[in-house]
Structures are given as structure tokens and as C-alpha cells.
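To find a chain, count down the sequence lines: A is the first, B the second, and so on, and within it residues start at 1.
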There are 8 protein chains.
Amino acid sequence: LRTGYPEAIFCQGKTPEQVVAIVEKMMRSNTNIMATRASQETYELVKQMVPDAVYHEAARIIVIKRKELVVRDHYIAVVSAGTADIPVAEEAAVTAETIGNRVERIYDVGVAGIHRLFARLDLIRAANVIIVVAGMEGALASVVGGLVDKPVIAVPTSVGYGTSFGGISALLTMLNSCASGVGVVNIDNGFGAGYLASNINKLGYAE
Amino acid sequence: LRTGYPEAIFCQGKTPEQVVAIVEKMMRSNTNIMATRASQETYELVKQMVPDAVYHEAARIIVIKRKELVVRDHYIAVVSAGTADIPVAEEAAVTAETIGNRVERIYDVGVAGIHRLFARLDLIRAANVIIVVAGMEGALASVVGGLVDKPVIAVPTSVGYGTSFGGISALLTMLNSCASGVGVVNIDNGFGAGYLASNINKLGYAE
Amino acid sequence: LRTGYPEAIFCQGKTPEQVVAIVEKMMRSNTNIMATRASQETYELVKQMVPDAVYHEAARIIVIKRKELVVRDHYIAVVSAGTADIPVAEEAAVTAETIGNRVERIYDVGVAGIHRLFARLDLIRAANVIIVVAGMEGALASVVGGLVDKPVIAVPTSVGYGTSFGGISALLTMLNSCASGVGVVNIDNGFGAGYLASNINKLGYAE
Amino acid sequence: LRTGYPEAIFCQGKTPEQVVAIVEKMMRSNTNIMATRASQETYELVKQMVPDAVYHEAARIIVIKRKELVVRDHYIAVVSAGTADIPVAEEAAVTAETIGNRVERIYDVGVAGIHRLFARLDLIRAANVIIVVAGMEGALASVVGGLVDKPVIAVPTSVGYGTSFGGISALLTMLNSCASGVGVVNIDNGFGAGYLASNINKLGYAE
Amino acid sequence: LRTGYPEAIFCQGKTPEQVVAIVEKMMRSNTNIMATRASQETYELVKQMVPDAVYHEAARIIVIKRKELVVRDHYIAVVSAGTADIPVAEEAAVTAETIGNRVERIYDVGVAGIHRLFARLDLIRAANVIIVVAGMEGALASVVGGLVDKPVIAVPTSVGYGTSFGGISALLTMLNSCASGVGVVNIDNGFGAGYLASNINKLGYAE
Amino acid sequence: LRTGYPEAIFCQGKTPEQVVAIVEKMMRSNTNIMATRASQETYELVKQMVPDAVYHEAARIIVIKRKELVVRDHYIAVVSAGTADIPVAEEAAVTAETIGNRVERIYDVGVAGIHRLFARLDLIRAANVIIVVAGMEGALASVVGGLVDKPVIAVPTSVGYGTSFGGISALLTMLNSCASGVGVVNIDNGFGAGYLASNINKLGYAE
Amino acid sequence: LRTGYPEAIFCQGKTPEQVVAIVEKMMRSNTNIMATRASQETYELVKQMVPDAVYHEAARIIVIKRKELVVRDHYIAVVSAGTADIPVAEEAAVTAETIGNRVERIYDVGVAGIHRLFARLDLIRAANVIIVVAGMEGALASVVGGLVDKPVIAVPTSVGYGTSFGGISALLTMLNSCASGVGVVNIDNGFGAGYLASNINKLGYAE
Amino acid sequence: LRTGYPEAIFCQGKTPEQVVAIVEKMMRSNTNIMATRASQETYELVKQMVPDAVYHEAARIIVIKRKELVVRDHYIAVVSAGTADIPVAEEAAVTAETIGNRVERIYDVGVAGIHRLFARLDLIRAANVIIVVAGMEGALASVVGGLVDKPVIAVPTSVGYGTSFGGISALLTMLNSCASGVGVVNIDNGFGAGYLASNINKLGYAE
Ligand SMILES: Nc1ncnc2c1ncn2[C@@H]1O[C@H](COP(=O)(O)O)[C@@H](O)[C@H]1O
Ligand SMILES: Nc1ncnc2c1ncn2[C@@H]1O[C@H](COP(=O)(O)O)[C@@H](O)[C@H]1O
Ligand SMILES: Nc1ncnc2c1ncn2[C@@H]1O[C@H](COP(=O)(O)O)[C@@H](O)[C@H]1O
Ligand SMILES: Nc1ncnc2c1ncn2[C@@H]1O[C@H](COP(=O)(O)O)[C@@H](O)[C@H]1O
Ligand SMILES: [Mg+2]
Ligand SMILES: [Mg+2]
Ligand SMILES: [Mg+2]
Ligand SMILES: [Mg+2]
Ligand SMILES: [Mg+2]
Ligand SMILES: [Mg+2]
Ligand SMILES: [Mg+2]
Ligand SMILES: [Mg+2]
């Protein structure tokens, strides 16, 4: 919709061949393209057709750039709890970057070692929007929400076992956050968080 | 936290006397105050102490104003589905106004009569942020999300019966929205939506 | 039961050999046969025995025709949201066709791009019955239900991730539809929807 | 939408005064009106304004008739299991009648005494559409579905205790019915079933 | 506990080697042994050690007989709905037989074709205890319960898809049965049903 | 069905007047009658019509006796955990007695003080059938099941708070019992347990 | 069990008269008594019989002291999040005190204003055991667990609305805590937490 | 945090290479290390780098010892129900030992054969803390809790099928335990139980 936004493909549940077919069709309109949840195998096949396609491995995103985007100074902070949450955090970060935002990553600052979070607090507070990515009990969103006065987008991840119920525990935590100003997206939905954060980050600036 | 933001009291589960006691303590610091989920009865008691306290009946919010806030032109649209969703929509709208935002209300535009929504689309699209309030199946959030390129905050309401499960059906709809750019808050949490929308609406403007 | 209706086999959880054995037994009574949720492998084995068996790949249905059915003009519209919903939509469409109905397919008209739905609205409105197939948040059923005055059969699909809970989110949306006149079948139950639509479509006409 | 259909008001959660106000506004367009989930108290107030308003007590529906509807011979059968299911069965029956359908009631034929069902089978089989209303385990829908070749609309009721979970047990039974050709509506949604049955019953006949 | 009862091994989650080790240890006390949920592979390994071990393939049970049991005339009826329910029905039947009961099998009598059930009703009614095995919506238990005045043990199976939720739908149906006199065991627990039925069938007879 | 069994009325959700009307109709066939979940108020009204009606207060059951039943020596043991479980235990016990069984009550033997259970073990073991009634975590059913070789009927009660979820915790415990030979009925369903126990207790004896 | 421990009565669901009867019986053995979840009304009645009975209003506990307990220096910290959590926190604190423990209260230190927690950290860290009481998203347990190396007992409360699901959200948070060393009790179970904390606090000291 | 505590790695969801990389980094600070949920394959790779690494196969834990820990006499009892629960019990036991505790194992004492539990009761009662590990219905925690006056840590396991719901049934049992003094950890969380037990066991002793 928004001018300059890339077309997005959700690869999960699609064969590499199906993805390539969609990419091919999209390329006719000379737009930027991003394919999320893409496997290495899908990337190999895409690359044969589009040699300059870039694969963000941790984020599992393929990016094809055809138009340059203006990137401004004000940034999105992506804050995440544990190392297992990084794929989702990267999905959010790379999505936001691909749409034309500056992103700062603050990873591995889960609440079990809260001093690590405080050590990075200035960088978080100076952001325009903050994405918080956490699994298990997802408490990080509440703690960050209480420390900043900027919009917070919380992404529960399916990291955990037993009663984490594939991300439900983290989701409920984030929906019930005692800190105000937190909006929540679907479990593992890094893409949606990056997209929403971009929509927010671009407000109030001519494009 | 943020300068100029009023103190908020959540009245649900508190007696009128308890609310008055909290108000009294807060008034010492000469700040703006809002009390949400307030009954008429609570308002009567507050008014005896603070004669200029205002009661927004549909929103169930008491506001006490001590400092004037700058309100700018760019606005928050509050869009709601059925008449039973209005209390939550008003909680969001009055919260946002009390914090110093211009708000436009677009009510009774549920998807069962989608022409009513299209009739108001220009006003919705020109907003800086859109709050969508809906119960039952909550489909309005997806439809609006697909029609705008601004951040959308979705508020599921507990309106419905049977399998609406007190708002869970609407909540799931909103979390799974096939339109990107939608953040979700807790069931019936109009306050949280208004607060988050305000944090977004004020970005990029000096205060 | 109904004269002319084919015998149906549900292949899921059965080995190709078991399916062949059932087909063999059924063929003795010289009836039309359809086998749903059939893999390519099952089809190969059936074909060795019944060379004129037809495989509808997208629908995963094998059809063996022994008796011709009268097909009338009034039709069933099968409307679906995303490409991932097509297998279920095809299961509904091929089922209805095999039972002797005319079917019109209106695919890829999910609510995130609602103009695509409006572009096909005349074809949908002129149908006798409408089957709506959607996953994720399933909002399409409510939107279509509000636009037509014919019976709507909604089929939630298991398409989605996280809080889509394998189709529960779409199911709840459809059960809580604010538009009246919507009946719902089990998740991914394209067969059931096609069967019910046929029972409706044939009412009021001599057979 | 459909010519001749009455306007409907859902009274649950509305005060008698609110219902009267809505009725008043609707009456200006000289249409038939039905108000569902109406208490005796609401009826008394409506009657003061509209003396010829009729109250169907068991169905909890108020009907105001301003235009005569053509009622044809082909009918809707409303089949219900226990006495506690009758209010929902009546909501369905009265809704369908008010919209202009002939209705046959077959009550108290739950599967624990299956001979009572068989005693009425001819009347059920000759219907154009069958609405099955049942709570607790809701098995009646499957049994009826297996005995007829007409469209069946199943309405789970909240009748039961413990693991009936307010109608969820009956709902699941109906969604998983081993008999094909069954569409399901929300728990206790007699209105929706009557409306959908009417949309089906009127197919194939000029209006 | 009870004299003459075989020792039972639950093989699920155990390697063939682990099962063989347990069998070896049990054989020292010269008792009858049954191993449930046993794969063909496990059987092969057991057979190398105990050549007269018998494998009931459909029931997935290995039986090793060392002592003869008295089997009386009064019998347990095992009634099941669909062909996919047969493994659980056989687990119940073979368990009961191995413990020393006469068993009559009445399979494939699901409620979608209720005449098949009525055709076998005399055999069912003459039993001492009836085990009813059904998946999907599990309505068979209610129907049988209403037709007999003997104790009924209902076994929900995990057969189904979508909202059958791996047997929960059938389980709830059985717990909410409108027919009195039905006791329920865990999903797929044919062993438990056979064991309980045996405890009932042997009451009132000297051993 | 069974000769000598009383007619049963489930009073919950019925007005005293409705109960009286049903009783009146039943009395015409000169049968024994029991009304469960009956309030004191309902009893008063019934008594005006039937002066010899007896009210079992703890069990909340009204009994009207018109025919004498033979009661034999072999008995049903009703075992319960806490004092709050007694109403359900009594519903089971009085039901069984009214149908013509000898009953022994073993109350207040919850597993938190397991010595109290062992003190009564002989009486439990000598029963023909054992009904175990427990709320909260419902562990008593497993412990009793492991100590006896007679059929056990487990009744979960809604006693507890928080994660007892109105009886679900106890229900799951009983369905997953590691002791074999346990059948489960609906939450708080003392009547069903008493009825099933009676069907078992009467096996093998001429009537 | 443990010498010196008072007898406990759980008043919820008991009439004042029933509580008094139990107290009377217990007083014969001259032991300390505590009655939890006691209303003011129950207290008035108990007081008539036992004039020196003390009522802890916030904790809703009646205490009757007959034997003096040794209270040592090492203490239990009771930490709670919001003002609505105080009744449960007090139930824990008063329980632990009544059993003979020193207790330090650290209330109103929820994570939305984390500086208040840090201001009291020394007192928390010096405790022998820490009880953390929190509703809504319950994040406080994880944060405290990460800051101390003493056993933590987490008590979820039913405080919250919507997706807090009566305490389930907080419960899941606590069970999934990314900080090690946290044990969880039932929702609102302040008594159980105080009891367990006492069992821990008394370890390693002669009694 | 606590001096002498080993660093812990949670291997589930990490490749052997990732685990080795983390171990390598940790070894620089010359600390004891334990890696839980480690596969044989991960162990082989770790061993190549650290030849004296020890693998506790049943517990799935790799231990690397660099510093000797003082182990005192007072011990932790690890009590478990069935053989399938042993991996979790061992995870708890080896964790506690690695942190420097004496552990006594009491395995295979599930409540279906309660005499086996009583035979070991003295050893259990003399412990400082008791860890109870059980799947299926998890009743063992309540029974043990009623027999001891020491802190009990309950670990639900995912052992079971059907309504055991991957450990939820056992979890609910433990949270609702009618015996006081029981704290619960996440499903299968042997590590957390061992860690918490160690924090308790070391209280009151100088280190
Ligand atoms: N309607 C509402 N819904 C959710 N949170 C609210 C609402 N109103 C106020 N709050 C939050 O509750 C806090 C006050 O809670 P309390 O101290 O219990 O009155 C405020 O700081 C807000 O963050
Ligand atoms: N008993 C009922 N159950 C479900 N929906 C109803 C019922 N009665 C009326 N409705 C629907 O509710 C709409 C009116 O809702 P409202 O505007 O809140 O009165 C009608 O157009 C119907 O579609
Ligand atoms: N199919 C089955 N389902 C449920 N329980 C079973 C089954 N087979 C055996 N059992 C029970 O499992 C116990 C043996 O379990 P195990 O020691 O794990 O082999 C037996 O004593 C039976 O009570
Ligand atoms: N507030 C409470 N929450 C949970 N359990 C409690 C509570 N108060 C007392 N109890 C337990 O309940 C038992 C008494 O229950 P009752 O016999 O029903 O009064 C005591 O022995 C305690 O173990
Ligand atoms: Mg904030
Ligand atoms: Mg958008
Ligand atoms: Mg319509
Ligand atoms: Mg049919
Ligand atoms: Mg019966
Ligand atoms: Mg037993
Ligand atoms: Mg810690
Ligand atoms: Mg204890």
C-alpha cells in the first residue's frame, strides 16, 4: 500500500518452487521484495533466478532490493530476552530495516539478569518505538514498558516448554502488562512487529 | 512518567471511599487526574471533595483538570463496531483526550453493514493512529487494517455470548489479523489503547 | 441415502491398500465413488484397478464416475481468502460438483484487500448458496454474510500459526459472526461444506 | 436486507428503556419488528407504546407486525432434546415464523429415549430444513443427521453442568458429527438458526 | 492384585529391548503376561525369547499364557462406531479375554447409520457389561446407554480431526451423556475399559 | 427402564411449580419417584401435595416411595475426601439406596491424612462396588483404586478454588488414574454414580 | 502435624455457624487455631464464644492463641505487586506469623515502577525465604527470582481482568520463570505459601 | 550468583556445536559447568574438547567439574512414581548433586502400589527437602505431602496420554494438593526442582 514498502511473501508452508514462482511474478513490477520464514533451500533456488538476492540467515528472510529507501535517524529499538528468541527478533529487525528504518539491536537482556537491561537503557529510551521480543514468561515487556514512555510492541515467542504452551504464557503476560502503552502481536510474529513499528516510526515525517 | 500525563486510578474493585482517598493524596501534587471504571456512586463522592470533577458517563471516567494540555491537529480515530462496544470505545477516546489528543469518533460501523464503514473511510484514513474496538468476532480490525497504512490498535471487547467467551474470540481474530500493522491490547482495555495511541500520536512533535 | 449421491471414503489415516479394498467392495454396486484426503500414492494404486478414476490434485479427491448426474443452472459459490486455503476450498468445490452441482470459484479475496472481494460480488450474490473458506482470523465469513441474503456455509481452515491454534481462531470468528445466516462446519471440513451446500442447492427442484 | 424480513433487536444487555427507544425509531419505517431475549418487563414497556405487540413468552421474543407475509406449505422442522432446551428451540421457531415460514415443532425427543424420535420421523423427514436443538452432549444432531437427507442446522444449548462447559460439549459434538450435512451456529443462538433456516427454506421459490 | 490376573506392560515409550527385559523378569514368577501398545518389532524380539508368545495385531497386544483361566458364559459386549476405532476396541476386547472373560464384538455400528446398531441390539442387551468405543463426536455411548439397563463403559478415541481435539470432543460427549449409567475412561484407553469391565463381569460369581 | 427403578427428576433450573407439575404427572403411574438437586423450597411445595415425601437434606433429594424394593446384603461403598464433598457423596448414596441397594458411607478420608483411609479399608474392600467422591486434586480415586480389586466409580466434585477450575483438576486426575479399573462420571454427578453403581451391584443376582 | 503448628480451618463455603462448631471442637485440645477466608460476620460469631480471638482484617484470618511459639530472627519476606494483591499477601504473612515466623512486608513494588523494588532490595535479599505475590501478568516473581539466591515461593493472584483469566496468566508466568529457584502455589493461595515458607524457614534450627 | 554454583546450559533447541561454543566460553572463568537436556551426540562433541566431562545418561546432563564442593549430611529426597518419570527425577537428582547436595533416590513408588511408598517412608521423612516427580495424575505429591512436615517440591512430568495433556493433569493435581506445604515447578523441570531444593537445603548452614 504505502509507497516504497516492499512486497512480502510468507514462505512457511510453501515449497521453494512456489516461492520462486511468486517472486518471479512480483519482479515484473520492479518493486523491493522480502520473503520471510525462508529456508536456506528456498534461498538457493531464488538466488539462481535473482543473483543479488540477499539472505538474512538468523532472520530467515530473503531480500531483493530494486529501489533505494530513505533511512532517517530516529530509530526502532529491538530488545530481546534469550538467545532462542533471536530468530524472531531478527525477523522484526530485518523487516523494519528493509522497509527503510534505522534499527538498534539490544539482545540477551532477559529479566533473570536485569543489570544487563539497565546497562543498555539509554539506547532503549532514545528510540522512537521499542519492540520487545521474549518467550517463556515474557516478563521483559512489562519491565521495559515501565521504564520508557514510547510505544512498545511486544512479540511473544514460542520459546519454552511445558506450560509455556508454545508462546501462550508469554502472550498472556504481554496482554496483561501492568505497564501501560504496550501493544501485542501474534506469537513469533516478528514481521508484524517490524511492520507496525515502521508505520509508527514514520509518523510525523514527510516521506 | 511523561510530563503532562495525568495520574490514573483503576476504580474496578475499589470502594468509592478508597477512590476518594487516592484522589485526595494525588491532588497534593497538583496534577491532572483520571479515574477509570468509575461508577456514578464513586463520582458523587469524588464531587463532594472536588466540585469541578467531570464525569464522562459512557466512558465511566472521572477527570480532574489542574493543568492545561496543548492539543494539536493530528488526531486519533476511534472506530467501533456495535452499540454495545461504545463504553470501551469511549474509555479509549476520553483517555486519549484527557492526555491531550484530538480524537475523532466513528461508531457503529461493524462489518455486517460494511457500507457504513466505507462512508467514513476518509476520516479514518486521515488519522495518525486508529483504535478499532469490536466484540463478538472482532472482524472490524482486519477490515480497517487492510484499508489504512497507519498504525492500528485493536481492542477486543467482552460483548457477545456463547463462543465469544467473554472477548477471547475477538482477541484471537485481532491477533491473527491477515492485515499487517495491528497491535492488540487486553480485552475491554480502552484505557490502554488510548494511552498507547497517545504515545504514538505525540511522536515526532516537540512537547 | 439420497439417490444419485456417490459413496464417500475418508482416506486420512488409511493405507493405500485399505482404500483400494474399500473401493473394490463399493464398485460392486455400480455407484459413483469419491475418496477424499487421498494422496498421490493412493491414487496410483486405485488407478491400477480403476483406470478411469480421476484425481483432483488440489482437492486431494479421487472420483470414479459410473452414473451421469443432472446438473442444473443454479450454482454454489465457493469463496476463499488466501492461497493456503485453496485445498479446502477445492475439497468443497469438487465434492459439490461430484454430487451434481454447478460451482463457481471466487478465490483469493481475503479481507486484507477487500476491493478484490467487491470486484466479484455480483457472481457471489447470484449464487443459491455460498461457501466461505478462510483461515487465520476468518473474517471473510462475516463480511460476505453481511453482503448477501443467501445461506452461507463457513469453513474455518487450519491455516495460520501461533494463536490461530490450528483453526480455532477462524472457527470462533465464524460462530460469532455478527452477520446472521451463517452455518459453520468443522475445521478444514471442505467435504462437509460441499455436501451441506448440495443438500441446500437441490431444495425446491424435482430430481 | 431481504424484502419482507423484520428488523431484529437483541435485547440482552439493553435496558427496557433502550429497547423502547430502538423500537420507536424502527417503527417510523413501518416495518415488522422482532425483539429477541426480551424480558417480561421489557415487553410491558413496549406494550404501553405499541398495544398490539405480541410476546412469545417461551421464546422470549416480542413481535410487532405491520406487514402481512406470504407463508408457504413447505416447512422447517424444529427438533429438540430436553425440556430445558425449549427456550432456544422456541427462539428458532418463532424467529422463522415471524420471517414468514411454516414451522413444525418436534420437542422432547432426546437420544436417551430414542423411540420417541422414531415415532416422529415422518414429520421430520418431510421438512425442507431441520433445526436440531440440544444441550448436554448434543448427540441428537448426529442421529437426526443420519436419518434425513435435508440440510440440518444444529444449535448447541448451554443446558447442562460440569463438563458441559456452558454448551461447549454440545457444540463440539455437532461440529464433529459423523453424519454429513450439518451446519452449526453459536451456543443458544436460536435466532441465527431460524434466520438461516428461513434463508434456506425460501430458496427456489419466487417471493 | 486379583488372583489369575495377568501382569501388564505398557509398551508405548519403551524400546523393544526394555520390554523384553521386563518380560524376562516377570516370567520368573510364572504368571500370564500381556504387553499393550506393542509394535510388530517389539513382538519379534519378545518371540525370540518366548516362542509361544501370541501377537494380537489389531489390538497391538502380546499375550504370554502360563496359566489357564476359567471363562464363564456371561459376556462383555464391545461396541464400536467406525473402522478407525477398531484398534482401541480390540485393545479392550483382547484385554478382557486375556483376563478370562467371554467377549462379543459388535463393530461398525456408528450413529450415522443407526439401523446397523438396531440390527445387533439383542446381542448387546444380553451382555453383562457393555464397552462403547467411539471417536469424533462419540454419540454412540449416549444412544447405547439409552437402550440398555446394564453398566456401560465408554471409551473416547482420538479418531477425528479439527475440533475433535484428539478425543476431547468424544470424551465430553460421554461425560455429559443424557443416558444414566455410563462410566468413562481416558481417551484411547481400551486396556482400562477391558480391565474395569472384567472387574464388573466377575462380580457375583465365585472364582 | 429397569423394573423397580424410580422415575428421576433433575430439579436444577426448574421452578418449584414445574417440579410439582412433573411429580403430579408421574404419580399417576404409581411409581417410586426421586427428585435430585431439590431445594428446601421445592420440597415444601411437593410435600403439600404428597405428605409422605421424604427430603434428604444433605443429598438435596426428595423421595416418594410407592413400591417396596428388595435390598440385598452386598453393598456399595461411598468413599469421600473432604467435608465439602459430602453433598455429592450423599447424592450418590441416597440415589443408590432409593434404587434398592445397601450403602456404606466412608467419609472424610482424603489423602492428606491417609491413616484415616487405612482405618476403614476392610469395609471398603468388602464392597461390591466403590464410589469415590473427591474435589480439589481428586487423588483419592487413584489411591483407593490401587487398594481394591472391585470396580471403582470416580466422581470429581467442583470443590476447590483457583486451578481446581470447578472440578476439572479432579476430573483429569481421575481419568488419568495410574490404578486400573476406574470409570469416571461428570463433575458433581452423584446421581449418575449411584445409578451406575446400582446397575453394577445388581448384576449376577436374580431380581 | 508439626508440633506447635496451629490447626487451620478454611472458611470459604462454610456458614459462620459451621465455623464456630469446628472451632469449638478444636478448642478442646487446647491448640492454637487459625481460620482463613473468614468474613467479619464469621468473626463476630466466633468472638462471642472466644473473646480473645483476633481478626486480621486485611488477611481475612481469625487467630486464637493458646500456646506461645518461639519466633527466631531469620525472617520470611513477603513481596507484593499492586494494592489489590494485598489480601493474598496478608494471608501469607499472617499465616507465617501465626505459625511462629518473623515476617517482613515489602508491598506495592510491581515491575511497572521497578525503582520501588530496588529501593527495598537489601531487606529482600537478607530474608531466608521470599514469598512473591502478584496478579495480572505476575512478572514480579521472575524479577525477584533473578535478584536473590534464596528460595522463592510465587503466589499468583486472581487480580486483573480479560486475559488475566482469574489468575491463570500470572500462574503461567510464574511456572515459566526464566529465573531458577521459584516454586509456585495455587492461585490466591496465600495460606499455602505461608505454610511452605514456614516449613523452609524452620529448617536447620532446633525447635 | 551463589558462590560455588555451576554455570548451567539448557541444550534443548541448540546444536552440539552451539553447546560446545558456550562451554568453551564458560571454561575461561574456571567454573563448574552443567549442561542439561544434552544428547549423547552433544556429549561426544563436548568430550573432544573436555576429556574429563562426565555424562549422566539417564539425567541427560553433562558435568564438568573444576572446583570441589563441600557436601553435607542433610539430604534431599527425590521420590518418583513410574519408570517413565525417571529421566526427570534424575535431572533433579544430578542437578542437586552437582550443586553440592547429598541426594537419596526413592523411585517407582507410585500410588497404585502404595505399600512400596510406605516401605521407604523413614528415608523420605528424614530428608531436609523432598522432590516428588510424577506424571499421569500426579497423585503422589499429595500423598507424600500429607505424610511429611518438610518442604515438598512437586515436578509434574509429561508422561501419560490422552487427557494427561502432556503434563497438565499432573500439574493441576499438584497445584490443588489438599496437603499443605507443596510448591510446584514447570512440567518436566527437574533442573528447576533440583536448584530450588538446593537453595532450601543449604539454608541455615554456613557455606
Ligand atoms: N481502565 C483501565 N484498564 C487498565 N489499566 C488501567 C485502567 N485505568 C487505569 N489503569 C492503570 O492502572 C494504574 C492504576 O492502578 P491502581 O493503582 O490499581 O489504581 C494506572 O497507572 C494505569 O496504568
Ligand atoms: N437472539 C439473537 N442471537 C443472536 N443475534 C441476534 C439475536 N437477536 C438479534 N440478533 C442480531 O442482532 C442484531 C441486532 O443487534 P442490536 O443492534 O444489538 O440490537 C440483529 O440485526 C440480528 O442480526
Ligand atoms: N494400554 C494401556 N493403557 C493404560 N494403562 C495401561 C495400558 N497397558 C498397561 N497399563 C497399565 O500400566 C501398568 C504397567 O505400566 P508400566 O510399568 O509402565 O509397564 C499396568 O499395571 C497397567 O495398569
Ligand atoms: N486459605 C487456604 N487456602 C488453601 N488451603 C487452606 C486455606 N486455609 C486452610 N487450608 C487448608 O484447609 C484445611 C482445612 O480445610 P477444612 O477442613 O475444609 O476447613 C487445613 O488443614 C489447611 O490445610
Ligand atoms: Mg511506558
Ligand atoms: Mg494496514
Ligand atoms: Mg446475510
Ligand atoms: Mg443426512
Ligand atoms: Mg441405560
Ligand atoms: Mg484396583
Ligand atoms: Mg534466584
Ligand atoms: Mg506436609
Measuring heavy-atom distances to chain E, does F:F191 have an atom under 4.5 Å in its side chain, in its backbone, in both, or in neither?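 Only the side chain of F:F191 comes within 4.5 Å of chain E.
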
Per the ring pair (Phe, Tyr, Trp, His ring centres under 6.0 Å) rule, what does the pair list look like for residues 103-160 of chain F, sequence neighbours excluded?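 Matches after skipping sequence neighbours: F:F118-H:F118.
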
What distance do E:N199 atom CG and F:I200 atom CD1 have between them, rounded to the nearest 0.5 Å?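 Here the interatomic distance stands at 9.5 Å.
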
Spacing of F:S198 atom OG and E:D149 atom CG [to the nearest 0.5 Å]: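 If I round to the nearest 0.5 Å, the distance is 10.5 Å.
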
For [X] and [Y], work out which heavy atoms get closest and say how close.
X	Y	value
F:L203	E:N128	CD2-OD1, 3.1 Å
F:L196	E:G181	CD1-O, 3.3 Å
F:L175	E:V184	CD2-O, 4.0 Å

For atom CD of F:E57, decide whether the heavy atoms of other residues, nucleotides or ligands shown that lie under 6.0 angstrom number more than 12.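 No, because the 6.0 Å sphere around CD of F:E57 holds 12 heavy atoms or fewer from other groups.
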
Structural part of E:I187 lying under 4.5 Å from a heavy atom of chain F: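 Contact with chain F involves no heavy atom of E:I187 at all.
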
